[in-house]
Amino acid sequence: MQNDKMDLIDKIDLTNLPKHLAIIMDGNGRWAKNQGLPRTLGHESGKKSVKVTIKACAKLGIKCLTLYAFSTENWNRPKVEVDTLMKILIKTLKKELKTLQENKIQLNAIGNLEQLPKSAQEQLLEVIEKTKENSTTTLTLALSYGSREEIVNAVKKISNKVKNNIISIDDINDSIINEHLYTRNLPDVDLVIRTSGEHRISNFLLWQIAYAELYFTDVLWPDFKEQDLYEAILSYQKRERRFGKTSEQIK
């Protein structure tokens, strides 16, 4: 397995990495069900894959990694599962601060963070503050995040500025919209990975993935390893990204 991992990483072109990689971490519940375990233990097991992925991205030199950790729709799950997820978040932030510092990873968060329990908000802000000078990789956690809600909020903010003559309607363009999104300090997404065999985006970064490459794998998130990440990146590097142009134009 170690040799397979080394073989894959040796094939990666370090000059052609996605600047912004986003991952929909799916399959914790199914993984637990397959093991005959409660869903909550699936979420616990998924923490290992998070750590492995973060460290691998930092090692490769991927500048931005965004993980879809908890959606606005996830609040509708059973209370015991939601409570467990929040406890896992707090515990993981405390435990992995050392890993973030050692790998010079800066923590960021997007979403309706005010919906999170106070204890989770405080722990999140503490780690964000302590890692703000790190510059190898920016790790963004999408928490209580929904892309449609994000876009609606951006429209409201822009409309209010138009109403108060801060900007005119003619000023509104892609850049103005970007400035009013949660991700205003991040580049557009280059590659989206979704685990567990599902082939949908699930209200994740809908504006930001306009020209992203999509990679779907049947691997359940707790089973996602370094070599799975490398396979996704190798697939990305084989693709021709034209951004609306023809092959001849980009050559």
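The structure presented is a predicted model; accordingly, all values stated were derived computationally and were not measured.
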Worksheet item: How many angstroms lie between atom NZ of Lys55 and atom CG of Leu100, to the nearest 0.5 angstrom?
Response: 11.0 Å
Discussion item. Counting only heavy atoms from other residues, nucleotides and ligands, does the tally under 6.0 Å from CG of Leu14 exceed 12?
Written reply: yes
Practice prompt. Show the numbers, then the answer: is there a side chain to side chain contact (heavy atoms under 4.5 Å, CB included) between Leu17 and Ile12?
Written response: CA-CA 8 Å; Leu17 293 169; Ile12 292 175; 3.8 Å; yes
Response to the item:
CG of Leu124 to CG of Leu89, rounded to nearest 0.5 Å, is 6.5 Å
Worksheet item: Does the side-chain hydrogen bond (donor to acceptor under 3.5 Å, both in side chains) test come out yes or no for Ser196 and Trp221, once each step is laid out?
Response: CA-CA 7 Å; Ser196 87; Trp221 180 246; over 6 Å; no
Worksheet item: Looking at Gly197 and His199, what are the two nearest heavy atoms and their distance?
Response: O-ND1, 2.9 Å
Worksheet item: Which atom pair, heavy atoms only, marks the closest approach of Arg194 to Ser202?
Response: NH1-OG, 2.7 Å
Worksheet, complete the sentence: When rounded to the nearest 0.5 Å, the distance separating CG of Asn112 from CH2 of Trp75 is 9.0 Å
Worksheet item: Does the side chain of Leu21 come within less than 4.5 Å of Ile193's, by heavy atoms?
Response: yes
Worksheet item: Should Lys91 and Glu44 count as an ion pair when the cut-off is N to O under 4.0 Å?
Response: yes
Response to the item:
All heavy atoms of Gly29 vs all of Arg39, minimum pair found to be CA-NH1, 3.6 Å
Worksheet item: Are any non-hydrogen side-chain atoms of Asn153 and Tyr182 less than 4.5 angstrom apart?
Response: yes
Worksheet entry | side chain to side chain contact (heavy atoms under 4.5 Å, CB included) assessment of Ile209 paired with Ile201 | CA-CA 10 Å; Ile209 65 170; Ile201 300 302; 3.7 Å; yes
Worksheet entry | From Thr140 atom OG1 to Leu107 atom CG, the distance as rounded to the nearest 0.5 Å | 7.5 Å
Worksheet item: Under 30°, 30 to 60°, or over 60°: which ring-plane class applies to Tyr145 and Tyr68, parallel, tilted or perpendicular?
Response: perpendicular
Worksheet item: With side chains defined as the heavy atoms from C-beta onward, is the minimum distance between Arg30 and Asp26 less than 4.5 Å?
Response: yes
Item to complete: Walk me through it: do Ile110 and Leu205 pass the test side chain to side chain contact (heavy atoms under 4.5 Å, CB included)?
Response: CA-CA 11 Å; Ile110 58 173; Leu205 300 174; 4.2 Å; yes
Fill in: Considering all heavy atoms, the nearest Asn203-Arg148 contact
OD1-N, 2.9 Å
Discussion item. Could you check whether any side-chain heavy atom of Leu85 comes within less than 4.5 Å of a side-chain heavy atom of Asn74, counting everything from C-beta outward?
Written reply: no
Worksheet, complete the sentence: Nearest heavy-atom contact between Leu181 and Trp207 is CD1-CD1, 3.4 Å
Discussion item. I want to check something: taking the side chain as every heavy atom from C-beta on, are Val52 and Phe224 in contact at a cut-off of under 4.5 Å?
Written reply: no
Discussion item. Does Lys156, at its NZ atom, have more than 12 non-hydrogen atoms belonging to other residues, nucleotides or ligands within less than 6.0 Å?
Written reply: no
Worksheet item: Is Asp171 salt-bridged to Lys161, cutoff N-O under 4.0 Å?
Response: no
Practice prompt. Could you tell me which non-hydrogen atom of Pro18 sits nearest to which non-hydrogen atom of Leu191, and how far apart they are?
Written response: CB-CB, 4.1 Å
Worksheet item: Roughly how far apart are Ile9 CD1 and Glu226 CD, rounded to 0.5 Å?
Response: 6.5 Å
Item to complete: Sort out for me which residue in Leu139, Thr138, Thr131 forms a side-chain contact (heavy atoms from CB on, under 4.5 Å) with Asn108.
Response: Thr138
Practice prompt. Ignoring hydrogens and angles, state whether a donor on the side chain of Asn160 or Asn164 is under 3.5 Å from an acceptor on the partner side chain.
Written response: yes
Fill in: Test item: Gln106 side-chain N/O and Asn134 main-chain N/O as donor-acceptor pair under 3.5 Å
yes
Worksheet entry | Close side-chain approach of Ile90 to Lys94, heavy-atom, < 4.5 Å | yes
